[in-house]
Amino acid sequence: MVRGIRSPEDRWAWVEIDLEAIRQNTAAIRRMIERDAQMMCVVKADAYGHGAVRCARAMRRAGADQFAVATVAEGVELREEGIREPILILSEPPLETVQTIVDYDLSPTVYNRDYALALGECAAAAGKVATYHLAVDTGMTRIGINWRDAAEFRRSIDFHRGIECAGTFTHFATADVQGDWDFGMQTRRFADAVKSIQEAGLETGLVHCANTPATILHPEVHLDMCRAGIGLYGLHPAFETRRKVRLVPAMSVRGRITRVERPEVGTGVSYGLTYRVPKPNIQICTVPIGYADGLSRNLSGNMDVLVNGERCRQVGRICMDQFMFAVTVNNVRAYRPVRAVEYGDVVTILGRDDNEFISADDMAARRDTINYEVVCDFGLRLKKIYV
Ligand SMILES: *Cc1c(COP(=O)(O)O)cnc(C)c1O
């Protein structure tokens, strides 16, 4: 039974974030990184749905040297809340953002000459030098300058006194796959690009490429800095990483029962009436969480929830703001007889209740996606409570 939980006043639905778990995970990953290498904590997308400001503060205490975000607005939020560490924006933002970048001392990723020079002009006008990281595309074909052109690109922008390269990085497409050939190829291409920049007599800044799976599985690519994301939140990026480090999931999702009904046999439930009450003594309970809260409609009729430490089946279609589940009461033939539940009882959608646990991995498998998307989605609308 889940006790001592303060739900938000306005809605019986919330996300619980365990900041101690965030600290533990950060420290656990920090311990895997060489002492003289830095740790960049990735808090993009509101810290994968966990709340960027509170998580960044917890990570800072547990060993974070730098932070990374996806958008300029995410960087501005951290600065306004007092985060002083370097903040990298993980892709090149629109040209229009250079003034904000300079004002807030954010470091953008750069791979277009026009952007680099506009940033330099803006910084120079403010009497500053803007730092940036060069992204190198070594095979993922997403962002960055092609690895063959890295040195040439740097030569074409380096004359500008308003910019300074604080880092050179690439991103792996397959770091979560053990013994992958493409991973090796990306590593070699990245090493070539870094060498070509150095041979041109230019500073690379911090050289970095390791996301969470590479940080855990490939110490040889830690280089000057690791960029860890998912592991900080207690989730594993691959099956193989489970044996290497113990992580504690930081997010739980809970609600309270807003209505309990004991309908007649044959009564339909939710849109399309896809579920009909099959026998007597079934309680149909409503929880105010729906697909607009990140509970994918694809899970309809294919997920469990936990109440009073027992698993119960979700039934009927998941609605935008609510879903229903069934409790079989006093049924001696049931796989697991469940005691009647009541209005206001706490329901766990993700996380632990007594000895039962619903993981983001389990939910991801049922949704045909990855744990990253499960937690990001729950971060979108539900209120967060920090415990
Ligand atoms: C999201 C991201 C990371 C973190 O990846 P995880 O798998 O969550 O550790 C690192 N680097 C870049 C460029 C990213 O976009």
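Bear in mind the structure is a predicted one, so any value in this text is a computation, not a measurement. Just so you know, ligand 1 is whichever comes first in the structure, and atom 1 is the first atom listed for that ligand.
- Thr109 and Ser91 are not linked by any side-chain donor-acceptor pair at a separation below 3.5 angstrom, with hydrogens and angles left out of the test.
- For atom 4 (C) of ligand 1, the closest non-hydrogen atom of the protein is Tyr48 OH, 3.4 Å.
- In summary, the aromatic rings of Trp14 and Phe378 are positioned with their centroids too far apart to meet the 6.0 Å limit.
- Not a single N or O atom of Phe169, backbone or side chain, sits closer than 3.5 Å to an N or O atom of ligand 1.
- Only the side chain of Arg142 comes within 4.0 Å of ligand 1, counting heavy atoms alone; its backbone N, CA, C and O stay farther away.
- Checking only distances, Leu90 never comes within under 3.5 Å of ligand 1, N or O to N or O.
- A salt bridge links Glu16 with Arg254; the closest basic N to acidic carboxylate O contact falls under 4.0 Å.
- Of all atoms in ligand 1, listed by their number and element, those nearer than 4.0 Å to a heavy atom of Ile230 are 6 (P), 8 (O), 9 (O).
- Protein heavy atom at the shortest distance from atom 9 (O) of ligand 1 is Thr212 OG1, 2.5 Å.
- Distance from atom 11 (N) of ligand 1 to its nearest protein heavy atom, with residue and atom name: Arg227 NE, 2.8 Å.
- Protein heavy atom at the shortest distance from atom 7 (O) of ligand 1 is Tyr372 OH, 2.7 Å.
- The residue among His133, Met140, His171, Met40 with a heavy atom at the shortest distance from atom 13 (C) of ligand 1 is His171.
- Asp137 and Arg148 are not joined by a salt bridge, as no carboxylate oxygen comes within less than 4.0 angstrom of a charged side-chain nitrogen.
- Here the two rings, on His133 and His208, have centers that are under 6.0 Å apart.
- Near Lys44, meaning under 4.0 Å from any of its heavy atoms, are these atoms of ligand 1: 1 (C), 2 (C), 3 (C), 14 (C), 15 (O).
- Expressed to the nearest 0.5 Å, how far SG of Cys226 lies from CD1 of Ile29 amounts to 9.5 Å.
- Annotation: cation-pi pair Arg317/Tyr271 absent, no NZ/CZ under 6.0 Å from the ring centroid and within 45° of its normal.
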